[in-house]
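Labels below follow one simple rule: chain letters A, B, ... track the order of the sequence lines, proteins then strands, and each chain is numbered from 1. Predicted model, so just to flag it, every value in this text is computed and none were measured.
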Number of protein chains: 2
Amino acid sequence: MANDDKAARREAGRFAYEGLERAIHEKARLGILASLMTRREGILFTELKELCSLTDGNLNRHLKVLQDARLVEVWKGNQKGKPQTLCRLTPQGRERFLEYVAVLEQVVSDAAAAAKSPSKQAARDLLRGWSPA
Amino acid sequence: MANDDKAARREAGRFAYEGLERAIHEKARLGILASLMTRREGILFTELKELCSLTDGNLNRHLKVLQDARLVEVWKGNQKGKPQTLCRLTPQGRERFLEYVAVLEQVVSDAAAAAKSPSKQAARDLLRGWSPA
């Protein structure tokens, strides 16, 4: 039991995944950042909306969060005589996104390791004496 | 322009990451599921709390969501004379978690590909005529 306690302390927080920054982790924002990663020069609002299957309102809302978190820059300008909005990652945004992705890689490798390891004991033996909550 | 439009349609939704199921994607729940993946026989509530750095209240709240989504089972029982709660993945939960992780792998590989590809044009040239929003 003492050994179990020590092992438990060593493992505390092992699956807390603290590096999964909330501003980045939200599904729509993850898609926006992944899109912007593919083009350093930025992506026009209209195209970004399509790439991420978002409405104008939703894209605007998420861009606001990403700007406040200093992950993304938004620029206004004209292209072929039409007013356009250009979105791109900040240098910091690029760096923080890559740090975030490193944690995702950890999740993926944890899952891959777990999927490979065989069950030590049949689950029905372990559940002898337990009842559904 | 017509070619651009065709390419845009082909790419529509490319970064929507529809497979990132909300019940799984939330950071704390991701940690809970990743922990449970490592042990088919289940994990006691008290240990799971430590592994994920969660309070009793938070763990209970997230377990409720995971039970409602049929990803996790919760069992009540006794171990060494003490009442305990055992949490484990359902077979469906295991399968859906692995599907989710396959989408994470896509995010990771998209980011890795983007990080490697060189910028085609210096950003300052592209931003000529643009102003911060």
Side-chain angles (χ1 to χ4, degrees), chain A residues 8-9 11-18 20 22 25-28 30-32 34-35 37-42 47 50-54 67 73-79 85-86 88 94 97-98 101 104-105 107-108 110-115 117 119-121 123 126-127 129-133, chain B residues 8-9 11-18 20 22 25-28 30-32 34-35 37-42 47 50-54 67 73-79 85-86 88 94 97-98 101 104-105 107-108 110-115 117 119-121 123 126-127 129-133:
Chain A
R9 265 196 301 275
E11 285 283 285
R14 168 71 182 80
F15 293 97
Y17 297 132
E18 293 300 346
L20 296 182
R22 282 194 195 275
H25 189 61
E26 196 283 331
K27 175 181 156 174
L30 186 50
I32 295 168
S35 309
M37 267 299 287
T38 64
R39 287 201 253 150
R40 285 186 196 226
E41 67 274 22
E47 187 185 349
E50 295 295 321
L51 283 169
C52 301
S53 301
L54 290 170
Q67 277 182 285
E73 295 169 348
V74 175
W75 298 76
K76 297 287 180 187
N78 279 279
Q79 228 176 33
T85 301
L86 179 75
R88 56 173 205 174
R94 191 176 168 84
F97 186 69
L98 289 173
V101 167
L104 283 197
E105 272 190 282
V107 177
V108 171
D110 284 346
S117 77
S119 179
K120 282 179 204 148
Q121 210 174 339
L126 278 149
L127 282 172
W130 296 82
S131 56
Chain B
R9 264 197 301 276
E11 285 284 283
R14 169 70 183 79
F15 293 96
Y17 297 132
E18 293 300 347
L20 296 182
R22 283 193 194 277
H25 189 61
E26 197 282 332
K27 177 180 156 175
L30 186 50
I32 293 167
S35 309
M37 268 299 287
T38 66
R39 288 201 252 148
R40 286 188 194 222
E41 67 274 22
E47 187 185 350
E50 296 293 322
L51 283 169
C52 302
S53 301
L54 291 170
Q67 277 182 285
E73 295 170 348
V74 175
W75 298 76
K76 299 284 179 189
N78 279 279
Q79 226 174 33
T85 301
L86 179 76
R88 58 173 203 174
R94 191 176 168 84
F97 186 69
L98 289 173
V101 167
L104 283 196
E105 272 192 282
V107 177
V108 171
D110 284 346
S117 77
S119 178
K120 282 179 202 147
Q121 210 175 339
L126 279 149
L127 281 174
W130 295 83
S131 56

Problem set entry | Contact origin within A:Leu30 toward chain B - heavy atom pairs under 4.5 Å |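 Answer is both: backbone and side chain atoms of A:Leu30 are under 4.5 Å from chain B.
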
For this session: Below 4.5 Å from any heavy atom of chain B, which atoms of A:Leu98 appear? Answer side chain, backbone, both or neither.
Result: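 Contact with chain B is through the side chain of A:Leu98 alone.
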
For this session: Name the option with the most non-hydrogen atom pairs under 4.5 Å to chain A; the candidates are B:Ala111, B:Ser53, B:Ser35.
Result: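 Of the candidates given, the most pairs with chain A belong to B:Ser35.
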
Exercise. Given the options B:Glu18, B:Met37, B:His25, which has more heavy-atom pairs under 4.5 Å with chain A than any of the others?
Worked result: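 The residue among B:Glu18, B:Met37, B:His25 with the greatest pair count is B:His25.
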
For this session: Find the one option among A:Ile32, A:Asp110, A:Val107, A:Val74 whose heavy-atom pairs under 4.5 Å with chain B are most numerous.
Result: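 Of the candidates given, the most pairs with chain B belong to A:Val74.
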
Exercise. Can we say B:Lys27 and A:Glu26 salt-bridge, meaning some charged N sits less than 4.0 Å from an Asp/Glu carboxylate O?
Worked result: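 Looking at A:Glu26 together with B:Lys27, the answer is no, because their closest N to O distance does not fall below 4.0 Å.
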
